[in-house]
Amino acid sequence: MLKSLGWIALLCIAWVTPAQAEDGYDLWLRYRALPAAQADAVALRATVIVRDEQDATVALAAQELVRGLSGLTGRTVGIGAAGDGAIVIGTARSPRIVALDLPLPGLGPEGYVLRSMMVDGRPATVIAANGPVGVLYGAFRLLRIAQTGQPLDRLAIIERPRLALRVLNHWDNPDRYVERGYAGQSLWDWQKLPGFTDPRYTDYARANASVGINGTVLNNVNASPDMLTPAFLEKVARLAAIFRPWGIRVYLSAKFSAPIEVGGLKTADPLDPQVAAWWRAKADEIYACIPDFGGFLVKANSEGQPGPGDYGRSHAEGANMLAAALKPHGGVVMWRAFVYAHDKPEDRAKQAYSEFQPLDGTFADNVIVQVKNGPIDFQPREPFHPLFGAMPRTPLMMEVQITKEYLGFATHLAYLGTMWEEVLRSDTWRPRKGSTVADVLARPGGLTGMAGVANVGTDRNWSGSQFDQANWYAFGRMAWNPDDRASDIARDWAAMTWGTAVADPVAAMMLRSRQAVVDYMMPLGLHHLFATGHHYGPGPWVDDLARPDWNPVYYHKADRAGIGFDRTRSGSDAVGQYAPALAKRWGNSATVPEDLLLWFHHVPWERRMASGRTLWEELVARYDQGVAEVAAMQGQWAALKGQVDDQRHAEVSQFLTIQRAEAQWWRDACIAYFAEVSGRALPAGVAPPAHPLAWYKAVRTPYAPGNGR
C-alpha cells in the first residue's frame, strides 16, 4: 500500500515527464500534447489542482490530474491554492466540498459530480464524490474529456456506475502460463512476491481505475488449490495492498476440491459440516490478511473440474456453502454457469439453461451467477445466452472474453465493443418486450456485475497488440455503463491512443473489424469451426475427437442437402429456451436474422437469401467480403503513415499483413471443404482456393499460444 503522501508527491515528478517511446506501454493514458488551440483551451481551465484531504486515493487523483494536464497542455500544472482555472477535488468529508452543496446523495461511494462553477467567486472545475475512489474516477473522466478535444468550460456531469462488480478474470497459472493468453506471461511474478513488486502492478491498477474496473481475479478458473495456501495468500495480500488505493479488490478462483487437496479432508461435499467449517476457517484466514478481499470465482462441474455435482448436490448448494463462509466478511461468490458434460447428450447450447434455470431463486444473496455472453463459448457471433431474462430472482453477471481466443488471437484487429453492444442491447422479451440484457445485468435489489477474461500480460504493450488494448478499454466502459455506445467508446479510445487528428478514420476501421472476422471465419451463424485445442485456424472437417461437441462437424452438420444446426422444435429445440416471441421469430427460417440462420436452422444450399443469391453463393460471398475488408483496412492504415508514430504504425501494419494472410487461409480452407461436402462448384467468377482441400487438412500448428495445459 502507498505509505505516505510524500512518496506520492515524489512519484509525480517522474509522472509529469511524458515517456518518449511510443511502444504502446502508455495505453490510452499517453497525455501527449494537444494541438495548440485545444491545449490553450484546456490550460485556461486547468491552472492548479486544489485539495484539502489527506487521503491516498484523493492524492492519486490529484497527481493524475497534474500528470495528465501538464502533458496535454505543455504547461506546468501543480497542486496549490485556489485561483482562476482551479480544479477543486474532494469528498463529502471536505469542508470545501460540503460548502458547494452538490447533489452527492444517491451517488454511492463510486459516483461523482463533475461541474464547471464558481468557487470563492472565481471560475473553477469541481470533482466531488462521496468516497475517494469517486474522486479518482471523476479525475479520469475530466482527463478523457480533455484528451478527446471536448470543451471544459460547461461541464455538468453526474454519474455513477450501473454495475457494482466490474471485474477482470485472469486465466493465469502459478507458473505464469496464461491459458488463452496472447500477450506474454502472467503479470504476477509469484516467485518474487511478496519481496519484489514489479512497478507494472501499479501501472496495471492505474489503467483499470481509469476505466472504472474495480476488481481482479488473479488466477485461472481452472484453479490450482495452492492459491489458497498461506504462502500464496501472503503474495496475494501484497498485490491487494498495491491495488487498494486505486479502488480495486482482489478475488481468487477457488477450486471446489481444495478441502481435500490442501485441507486434508476426505470429501468436498458442500453439505458435510467439516467441509463447511474448513471453508469458514479459510475465509477467516484470508480476511485476516486481506480485509477487503472480494471473494471467490468458481468453475465447477465443467470440463472436468470438481464441483457439488460430484456428490449429488446442486450448483446452488455448492455456491451457498461458500457464500456462507464469506458472508460475515462481506465477500461474494461468482459462480460460473459455463457447464457442459460428456454424459449429457443434449445440445451443448442448452446445458447451462437446463442446469441453472430450475435453480432460480435458490442462491444466497451474496452469490451472483456468471453467464457467458452466448450459449456456446465466446464465438465470433452468438445469440445472447438464454439464461438472461430467464432467472428473474437470481443476480446474473455477464462474462465476456477480452482476450481473442476465437477471434484471431493478438494479431487480428477485432474490436469487440460492437459484439458486446449487440448482446447488451438484445431484447430478451422477459418479462416484456424491451427488456434488454443490459437491463437484466443492472436489475435493482441485488448484486450486479460484468466480468471480462483479461488480455493482459508481460508484453510491453500489455495486450499483445496495439488494437487489443481497445477491448480492455471498452470492457471497462461497458461494465461501468452497459448502455454506452461502442462507436463512442471506439472514438474516445482512438483519440486518446492515436491522437484526435486520426480518431475518426481509426474508429471507422474498428467498427467494421469484428464483422470482417465473422465473415472470413464463420458467417451466417456458423460457429466453432476451429482447429483442435488451440483454436488457431480453420478445422471444419474435424470429426475424430472423443466427444461429439468437441468436433466442428457437430456444429455445422454440412452434407449434400444443406448446412446448419437445427435448433428448432424439429431439432434440439434450443430455441425453446428463449421467450416465446423470440422462439417464434428465430425458430422460423424465414424470419430469423440471416446472421443467425445457420445457428438455428439446417437449410438447403439452394435457399434464396435476402441478396437474391443462393445460400451457397451467399456463403462464398461472405467469405470473400471478410477478406476484402481486411485488405481495405490495410489500405486505410497505410494512409495514416506519418500521422501516427512510426513504431506503432509499423507494428500494426505487420499485424494487418498477418491478418490478411490468415483471413485468406480461413476463406480458402472453408470454401474448399464446404464445396467438397456439398458437391457444388464455386460460383462463377469466384477465385478458387490456392490449394486442394488435403493441403489445408494437413496444416498443423502444435505450438500456437494459449492452449490449456
Side-chain angles (χ1 to χ4, degrees), residues 347 349 374 376 379-384 418-419 422 426-427 512 514-529 538 540-541 552-576 578 580-630 632 663-664 666-689 693:
D347 179 359
I376 293 293
Q379 297 301 291
R381 171 166 279 119
E382 299 185 53
F384 70 86
T418 53
M419 171 193 286
E422 185 176 294
S426 293
D427 190 347
R512 298 193 304 273
R514 178 262 184 148
Q515 183 62 48
V517 175
V518 171
D519 285 341
Y520 66 68
M521 284 187 180
M522 289 165 287
L524 300 175
L526 288 173
H527 49 290
H528 229 309
L529 305 187
W541 46 79
V553 297
Y554 169 89
Y555 295 98
H556 65 70
K557 302 190 185 303
D559 54 26
R560 293 275 170 169
I563 184 173
F565 197 123
D566 183 2
R567 292 190 167 101
T568 69
R569 289 183 178 179
S570 63
S572 75
D573 198 28
V575 74
Y578 292 90
L582 276 181
K584 181 179 179 181
R585 181 186 178 206
W586 288 351
N588 184 337
S589 64
T591 56
V592 67
E594 287 190 349
D595 281 337
L596 296 177
L597 175 65
L598 303 183
W599 185 284
F600 287 108
H601 297 272
H602 187 86
V603 296
W605 295 106
E606 297 86 359
R607 180 191 192 275
R608 287 292 166 184
M609 306 293 285
S611 64
R613 293 186 283 253
T614 66
L615 171 61
W616 170 238
E617 293 167 340
E618 183 71 18
L619 186 68
V620 173
R622 290 290 188 101
Y623 275 110
D624 280 335
Q625 182 176 309
V627 175
E629 184 60 57
V630 179
Q664 189 72 43
W666 267 94
R667 179 262 186 201
D668 287 357
C670 290
I671 287 178
Y673 172 73
F674 289 128
E676 179 174 286
V677 169
S678 68
R680 288 178 139 63
L682 291 177
V686 169
L693 178 59

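Values reported hereafter were calculated over all heavy atoms of this structure, with side chains retained and with hydrogens, waters and symmetry mates removed.
Using a 4.5 Å heavy-atom threshold, the side chains of Gln664 and Arg667 count as touching. Counting only heavy atoms from C-beta outward, the side chains of Val553 and Trp541 never approach each other to under 4.5 Å. In this structure, His528 and Gln379 have side chains that are in contact, with non-hydrogen atoms separated by less than 4.5 Å. At least one side-chain heavy atom of Tyr578 sits less than 4.5 Å from a side-chain heavy atom of Pro383. Under the 4.5 Å side-chain criterion, counting only non-hydrogen atoms from C-beta, Arg585 is in contact with Pro593.
Under the 30°/60° scheme for interplanar angles, the aromatic rings of Phe565 and Tyr555 are found to be tilted. The aromatic rings of His556 and Tyr673 stand perpendicular to each other, their planes meeting at an angle above 60°, with 30° marking the opposite boundary.
Applying the salt bridge (charged side-chain N to carboxylate O under 4.0 Å, His left out) test to every pair with at least one member in residues 601-612, sequence neighbours left out, gives these pairs: Glu606-Arg680.
Evaluation of the side chain to side chain contact (heavy atoms under 4.5 Å, CB included) rule for Thr418 yields Tyr415, Ala486, Leu511, Arg514 as partners, not counting sequence neighbours. Under the side chain to side chain contact (heavy atoms under 4.5 Å, CB included) criterion, Val620 pairs with Trp616, Asp624, Ile671, Pro683, Val686, sequence neighbours left out. The salt bridge (Lys or Arg N to Asp or Glu O under 4.0 Å) search around Asp595 returns Arg381, Arg622, not counting sequence neighbours. Residues satisfying the side chain to side chain contact (heavy atoms under 4.5 Å, CB included) test with Arg569, not counting sequence neighbours, are Asp573. Here Lys584 pairs with nothing under the side chain to side chain contact (heavy atoms under 4.5 Å, CB included) rule; sequence neighbours left out.
Taking the centre and axis of the six-membered ring of Tyr554, the NZ or CZ atom of Lys557 falls inside the cone set by 45° and 6.0 Å.
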